[in-house]
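Working notes, beginning with the structure itself.
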Amino acid sequence: MRLCLAIFAAAALLAQPPQPAAKKAARELAGDDIRGYSDTPQLPGQKWKVHDMERPRPPKVAPGPYAAITPPADAIILFDGKDLSQWEQFARGGVVSGPKWKVENGYIEIVPKTGRLRTKQSFGDCQLHIEWQVPLEAKGDGQSIGNSGVEFMGRYEIQVLESANHLTYADGGAGAIYGVWPPLVNPARPQGEWNVYDIFFEAPVFEGEKLVKPAYITVLFNGVLVQHHKDFLGTTIWRRIGTYTPHPPELPLTLQDHSQAVRFRNIWIRRLGGQ
Ligand code: MG
């Protein structure tokens, strides 16, 4: 009888469809976070699929030495090394609470699984300066080492990832418009060193429910142009093609919690007016 029950229980377990977490773990075991995918949708206007395993990775370019860029007079200082007074935590379920990420030694460090950090102020078109570092102690591979992201309007992501010594699919490395456009080249500095993004973002424009202009972005990565006025297809999403959902012209900037430690410092932003 006991044996029958055990067999029945095992059969019931086997009959269950794989759970999302198990599926993701299986993909990671298969190395897809490194190699990429072949079962993803075709990117419109490109010859590649989302996270395409055939897409060439961007060539490496050694950046020049780090040079501090200090904010101009009209910049809004989002983090000056001292406190998170410009930020709030955006946890699961949309609950906003006091920031949980650590501030030490002049930088912010992600406390994994505490949720995104988001600015109290909202922004549309803007220029952003932000520096990031993957700690020396971080371990992992593919999408699982130093994964975070700079998410304009909380939804349009420029990827943050250890990309100097770890491989992933072309549209998933540091400086990528995640899932859409790889960086033109890969000028990433390794773990323990500071990387610098200077980003120029144009918010999408909606008329009612209709998108009349997509979001565009230009990115300097360690002083090297890696995105030159490239478009977002919609909200950033894994393994799928993002779509636009109408939203206000200004929204908070968020930093992604991808359950991995990444540090940030020297964050400032300028609102861009019309001409
Ligand atoms: Mg990310």
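These numbers were taken from a predicted model, which means no experiment stands behind them. Just follow the structure's listing: the first ligand is 1, and inside any ligand the first atom is 1.
The closest donor-acceptor contact from the side chain of K120 to the backbone of P252 lies at 3.5 Å or more, if one exists at all.
The Mg ion (ligand 1) lies under 2.8 Å from an N, O or S atom belonging to Q256.
The 12-atom threshold is not exceeded at NE2 of H228, counting heavy atoms of other residues, nucleotides or ligands nearer than 6.0 Å. Applying the 6.0 Å contact sphere to CD of E207 captures no more than 12 heavy atoms from other residues, nucleotides or ligands.
Note: angle at the Mg ion (ligand 1), from OE2 of E157 to OD1 of N147, is 160° (rounded to 10 degrees). The Mg ion (ligand 1) is the vertex of the angle joining O of S148 and OE1 of Q159, which measures 70° to the nearest 10°.
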Below 3.5 Å, can you tabulate the donor-acceptor pairs from side chains in residues 214-226 to any protein atom, sequence neighbours excluded?
residue: T218; atom: OG1; partner: H229; partner atom: N; Å: 3.0
residue: N222; atom: OD1; partner: R189; partner atom: NH1; Å: 3.0
residue: N222; atom: OD1; partner: V196; partner atom: N; Å: 2.7
residue: N222; atom: ND2; partner: P187; partner atom: O; Å: 2.9
residue: N222; atom: ND2; partner: N195; partner atom: OD1; Å: 2.9

